[in-house]
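For ligands, and for the atoms within them, numbers begin at 1 and follow the listed sequence. The structure presented is a predicted model; accordingly, all values stated were derived computationally and were not measured.
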Amino acid sequence: MKKTVQELLESRVSTGKFDPSRKLEADVLQELVRLATRAPSAFNLQNWHFIAIQSDEARELLHPLAYNQPQILAASAVFIVCGELDAHERLHETLQPSVEAGMITDAIRETWVEMAKASYGENEQARRDEAIRSASLAAMSLMVAAEGMGLASGAMGGFDPAGVMDAFGLDPARLPVMLVAVGHAAEGNWPQKQRRATEEVLEFR
Ligand SMILES: Cc1cc2nc3c(=O)[nH]c(=O)nc-3n(C[C@H](O)[C@H](O)[C@H](O)COP(=O)(O)O)c2cc1C
């Protein structure tokens, strides 16, 4: 039986130990990214990019750049989830399908394009913040999608972004925000860890 969203959120764990003998087909990785891109983004910028690391060669390149964390070699794939710093420059084209579908008018599109230009055009910090926000939402969506497909996942911030950009020849406008390992869990992973009490992290005003 399919898990509810509540059950997915309560059962997802950050998996560190993967079964290296179990691979995932490209169509499963594609489906994960398709669902990840259902995440929201400011102005529907969709300022994200995913690199699925699968080959031995790419893993060997990434492994030392992620402090030799074993999941880089053992997971079925490791996504480098990037945020894009220049997506506002393509917003007119990005919104074309929404205009064609009658969701937004051409006038609304132009307003959004102008607003995005004003927000990010001259503001490097805002571009970077937006890239990190969008990539993070997409990464979480990808992990929830994986959980819903019966797969294990693990977010990783322990890597050298500049080293990854260099080693994989990334476009300078693509910022590696997070690694997300996916695959089948091996034995010996922790259950979901304890969280701070809701009353401690929530305030009403
Ligand atoms: C942004 C981010 C970076 C993380 N980096 C790593 C990492 O580099 N290596 C690792 O093993 N786990 C990493 N984790 C996993 C966290 O340790 C884990 O989410 C936390 O301990 C809670 O575990 P749980 O989700 O299984 O309850 C990271 C998680 C996040 C969200």
Side-chain angles (χ1 to χ4, degrees), residues 3-20 22 24 29 32-33 35-42 47-54 58-85 125 127-168 170 174-202:
K3 288 181 183 174
T4 64
V5 173
Q6 185 182 338
E7 287 165 345
L8 289 177
L9 292 172
E10 289 186 326
S11 62
R12 185 212 54 78
V13 300
S14 295
T15 301
K17 294 181 177 132
F18 288 88
D19 180 348
R22 299 191 61 185
L24 294 175
L29 302 180
L32 286 171
V33 171
L35 291 170
T37 64
R38 266 44 192 171
S41 55
N47 46 336
W48 40 54
H49 185 79
F50 304 81
I51 303 167
I53 300 296
Q54 276 193 296
R59 286 173 196 273
E60 295 297 340
L61 211 51
L62 184 59
H63 193 219
L65 295 166
Y67 308 110
N68 297 313
Q69 296 193 66
Q71 51 274 52
I72 303 295
L73 302 181
S76 296
V78 180
F79 288 100
I80 304 174
V81 183
C82 300
E84 293 185 322
L85 303 169
Q125 179 75 44
R127 280 201 291 274
R128 194 180 158 87
D129 289 349
E130 209 60 79
I132 293 171
R133 270 195 284 270
S134 296
S136 299
L137 285 167
M140 185 67 206
S141 299
L142 195 154
M143 291 191 287
V144 173
E147 185 70 24
M149 290 160 68
L151 299 171
S153 67
M156 302 168 69
F159 69 99
D160 168 10
V164 166
M165 288 181 79
D166 191 39
F168 290 92
L170 300 196
R174 283 192 178 140
L175 179 71
V177 171
M178 213 179 297
L179 304 180
V180 179
V182 292
H184 292 275
E187 293 294 312
N189 285 290
W190 278 308
Q192 191 177 82
K193 298 182 200 79
Q194 282 67 26
R195 296 299 196 254
R196 294 166 65 197
T198 307
E199 306 77 61
E200 195 185 323
V201 299
L202 169 67

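- When distances from atom 17 (O) of ligand 1 to the protein are checked, no heavy atom turns up under 4.0 Å.
- With contacts defined as side-chain heavy-atom distances shorter than 4.5 Å, the pair L29/V182 qualifies.
- Side-chain contact between R195 and V201 is absent, with no heavy-atom pair separated by less than 4.5 Å.
- Here is the list of ligand 1 atoms found below 4.0 Å of a heavy atom in K193: 20 (C), 21 (O), 22 (C), 23 (O), 24 (P), 26 (O), 27 (O).
- Within ligand 1, counting atoms from 1 as listed, the ones closer than 4.0 Å to a heavy atom of R12 are 25 (O).
- Below 3.5 Å of separation, one finds an N or O of G157 facing an N or O of ligand 1.
- Taking a 4.0 Å cut-off on heavy atoms, R195 registers as neighbouring ligand 1.
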Begin from the C-alpha positions of E147 and S11 and carry the test side chain to side chain donor-acceptor pair (under 3.5 Å) through to its verdict. CA-CA 8 Å; E147 185 70 24; S11 62; 2.9 Å; yes
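- Each of the atoms 26 (O) of ligand 1 lies under 4.0 Å from some heavy atom of V13.
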Evaluate the criterion side-chain contact (heavy atoms from CB on, under 4.5 Å) for residue pair H184 and L151; output intermediate values, then yes/no. CA-CA 6 Å; H184 292 275; L151 299 171; 3.6 Å; yes
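- Distances from atom 13 (C) of ligand 1 to the heavy atoms of S14, G158, A155 show the closest one on A155.
- The nearest pair of heavy atoms linking G16 to Q71 is O-CB, 3.7 Å.
- Inter-residue side-chain proximity for L32 and F50 is flagged as unmet; no heavy-atom pair is nearer than 4.5 Å.
- Each of the following atoms of ligand 1 lies closer than 4.0 Å to a heavy atom of Q71: 10 (C), 11 (O).
- Close approach to Q69 involves these atoms of ligand 1, each under 4.0 Å from a residue heavy atom: 7 (C), 8 (O), 9 (N), 10 (C), 11 (O).
- Residues N47 and S41 form a side-chain contact, since some pair of their non-hydrogen atoms from C-beta on lies under 4.5 Å apart.
- Per-residue contacts place Q192 under 4.0 angstrom from the following atoms of ligand 1 (heavy atoms of the residue considered): 27 (O).
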